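Inspection log for the structure reproduced underneath, given as structure tokens.
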Amino acid sequence: MADINHFEYGWLTPASSYALSVLGSILGLVCAGRIRTARTAGQRAWWGLLAAWALGGTAIWAMHFMAMLGFAVEGTRIRYDVPLTAASTAIAVVAVGIGLAIVGTGRLNPVRLIAGGVFTGAGVASMHYTGMAAMRLNGSLGYDTVRVVLSVAIAVVASTVALWLAMTVRRGVAIFASALVMGIAVNGMHFTGMSALSVHRHEQVGGVTGAQVSTLLVPIMAAVIFGVVGLLYALLAAPTDDDRAATAYLDGRRVPEPAPATPAAAPDPVGLRARSTLGQPGTPFPSRRDTPPR
């Protein structure tokens with residue numbers, strides 16, 4: 001049984017992972033709030049996609065990877081399988097997106113909330129253990145069944161609460177407080193699942209294949225930074241409820257332009273207007289020769 005260290009760099013990695021989960025939760029809750037005020041199906045789908053990326057990609061998956069930077073096993077190097085790592089990202093984003101679609105279509109009720117929470121929680125747990133399966137080291141991984149079940153239960157409860165908050169919270173202070181709670185829940189699920197892990201180290205039989213943590217860190221952090229910047233730009237560029245209300249107020253106060261006046265007809269004292277042929281271009285002037293004899 002190999003010794004495992006979850007905090008190789010001290011409290012730097014758990015503090016960074018918690019900050020990422022809070023940041024992603026704030027952005028995800030704000031984007032989810034825009035789903036309720038969207039006027040078209042296309043707008044709802046757009047904000048749902050952004051909320052899924054913020055919650056699934058930043059608050060959950062990026063937090064998981066940041067916490068894994070402090071994970072070390074005595075006597076072996078750790079590498080990561082790139083396709084499985086990418087698959088864990090897709091699982092987190094898709095699971096959160098489907099959960100938001102379940103609770104965001106139609107009126108929110110307990111059945112929808114529980115169904116969305118169970119599906120999203122199962123997806124989050126699948127993301128976590130897929131990311132763990134992506135590790136490559138000189139040893140085999142084992143899990144304590146009770147703690148695995150506990151971590152899945154925490155993921156389901158945390159996902160249900162997150163979806164409920166996403167559909168109900170709208171105020172800035174409430175969003176921030178909810179994000180702090182969601183960060184605790186996400187990190188609690190991660191470290192509960194990590195506590196279930198045990199490593200049975202093998203004798204050195206060859207080099208460990210896969211990508212190093214430093215190799216994956218740069219593209220992952222770049223994706224997180226660009227994703228956060230893109231989310232902030234989308235939120236700042238989109239009109240809010242106050243903007244729409246102000247626009248409607250200004251439209252209501254706007255004075256309609258008067259219709260153009262019809263020009264008055266000029267006076268016709270000698271009755272020339274009755275002789276329509278005289279006013280038409282190209283009409284020959286009448287001659288005495290055309291007048292029949294009396």
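In what follows, residues are counted from 1 in the order of the sequence shown. These figures come from a predicted structure and were not determined experimentally.
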Is there a side-chain contact between [X] and [Y] (heavy atoms, below 4.5 Å)?
{"X": "Met194", "Y": "Met68", "result": "yes"}
{"X": "Glu74", "Y": "Asn5", "result": "no"}
{"X": "Ile78", "Y": "Arg136", "result": "no"}
{"X": "His64", "Y": "Met127", "result": "yes"}
{"X": "Ile98", "Y": "Thr120", "result": "no"}
{"X": "Phe71", "Y": "Leu197", "result": "yes"}
{"X": "Met167", "Y": "Leu100", "result": "yes"}

Which atom of [X] lies closest to which atom of [Y], heavy atoms considered:
{"X": "Ala234", "Y": "Trp47", "value": "O-CH2, 3.5 Å"}
{"X": "Ala72", "Y": "Glu8", "value": "CB-OE1, 3.5 Å"}
{"X": "Ala54", "Y": "Leu231", "value": "CB-CD1, 3.7 Å"}
{"X": "Leu55", "Y": "Gly28", "value": "CG-CA, 3.8 Å"}

Any side-chain donor near an acceptor of the partner, Tyr129 and Ser151, under 3.5 Å:
yes
Flag yes if Leu49 and Ile26 sit in one hydrophobic cluster, no otherwise; membership is Ile, Leu, Val, Met, Phe, Trp, Tyr, and two members link when side-chain heavy atoms are under 4.5 Å apart.
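Unlinked, Leu49 and Ile26 end up in two clusters.
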Mind checking whether Met221 and Val82 sit in one hydrophobic cluster, side chains of I, L, V, M, F, W, Y counted as touching below 4.5 Å?
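Both belong to a single hydrophobic cluster.
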Just list the side-chain donor-acceptor pairs under 3.5 Å for residues 179-188, sequence neighbours left out, or say none.
from: Asn187; atom 1: OD1; to: Ser17; atom 2: OG; distance (Å): 3.0
from: Asn187; atom 1: ND2; to: Ser21; atom 2: OG; distance (Å): 3.2
from: Asn187; atom 1: ND2; to: Gly183; atom 2: O; distance (Å): 2.7

Between Phe7 and Phe191, ring centroids under 6.0 Å:
yes
Partner residues of Tyr18 under the side chain to side chain donor-acceptor pair (under 3.5 Å) criterion, sequence neighbours left out:
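Once residues adjacent in sequence are excluded, Tyr18 has no partner under the side chain to side chain donor-acceptor pair (under 3.5 Å) criterion.
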Check the orientation of His128 and His190. Use parallel for under 30°, tilted for 30 to 60°, and perpendicular for over 60°.
perpendicular
Distance (rounded to the nearest 0.5 Å) between Phe226 CZ and Tyr233 OH:
15.5 Å
